[in-house]
Amino acid sequence: MIRPNPADPRLTERVSGVDQTGAPVATSVTVERALTIYLNRQEIVTAMTIGDYPDYLAIGYLLNQNMLRQDDVVTGVDYDEDLGVAVVRTERETDYEDKLQKRTQTSGCAQGTAFGDLLEAIEDARLPAAIMRTSWL
């Protein structure tokens, strides 16, 4: 299972503060870092991440945005921690210049971005018929 390791010192930093009584406290807080994802030679997006598993995050993001295909052969993932860059390399030549021009800002706890025809693919999605009882909720 891939999941954050709370003991990894890169994921948090110590900060000082004051509690509800006015007493000083120190605690660890999660740190976000920018990760710029490239697909071959093309910059795709800069995402805020907690900084672990940047290679898996980059591949997952590109799959989610339909920029990597299920049958693509990934020939490598290069990650430079100092630059905050992950480059996913494939056998297939890629060019998503047109797709990158069409961006949709999504809502949630932060702003996200969906590219190109992703939302059109979702519009055609249909769930199978199902029975739902309020007692199950």
If you take all heavy atoms of L11 and P4, which pair is closest and at what distance? CD1-CB, 4.2 Å
Taking side chain as C-beta onward, heavy atoms only, is V25 less than 4.5 Å from V18? no
Test salt bridge (charged side-chain N to carboxylate O under 4.0 Å, His left out) on E93 and R41; report intermediate values, then the result. CA-CA 10 Å; E93 288 293 320; R41 291 177 292 280; 3.3 Å; yes
Of all heavy-atom pairs between V77 and V74, which one has the smallest distance, and what is that distance? CG2-CG1, 4.1 Å
Quick one about T36 and T46 (side-chain donor to acceptor, distance below 3.5 Å, no hydrogens or angles considered), yes or no? yes
Minimum heavy-atom distance N5-D52, with the two atoms named: N-OD2, 4.2 Å
Does CG belonging to L137 count more than 12 external heavy atoms closer than 6.0 Å? yes
Examine distances only and state if a side-chain atom of D80 and a backbone atom of D82 form a donor-acceptor pair shorter than 3.5 Å. yes
R69 and L63: which non-hydrogen atoms are nearest, and at how many Å? O-CD2, 4.2 Å
Residues R10, D8: salt bridge by 4.0 Å N-O rule: yes
May I ask you to decide if T90's main-chain N or O and N40's side chain share a donor-acceptor pair within less than 3.5 Å? yes
Just by distance, do the side chain of Q42 and the backbone of Y96 share a donor-acceptor pair under 3.5 Å? yes
Value rounded to 0.5 Å, distance of CD in E32 from OG1 in T49: 7.5 Å
Is there a donor in the side chain of R89 and an acceptor in the side chain of T75, or the other way round, less than 3.5 Å apart? no
Taking all atoms of both residues into account, what is the closest heavy-atom pair of W136 and I131, and its distance? CZ3-O, 3.1 Å
Grab the two heavy atoms, one from A58 and one from A86, that are nearest each other, plus how far apart they are. CB-CB, 4.0 Å
Can you find a pair of side-chain heavy atoms, one from Y38 and one from V88, that are under 4.5 Å apart? no
Apply side-chain contact (heavy atoms from CB on, under 4.5 Å) to the pair V87 and V85, showing each step before the final yes or no. CA-CA 7 Å; V87 181; V85 172; 3.9 Å; yes
From OH (Y79) to CG (D55), nearest 0.5 Å: 9.5 Å
A side-chain contact here means heavy atoms from C-beta on lying under 4.5 Å apart; do T94 and L68 qualify? no
Could you walk me through whether L62 and I37 satisfy the side-chain contact (heavy atoms from CB on, under 4.5 Å) test, starting with their C-alpha distance in whole Å, then the side-chain angles of each, then the deciding distance to 0.1 Å, before giving a yes or no? CA-CA 9 Å; L62 294 169; I37 299 171; 4.1 Å; yes
Could you give the distance from CD1 (I44) to CE (M67), rounded to the nearest 0.5 Å? 4.5 Å
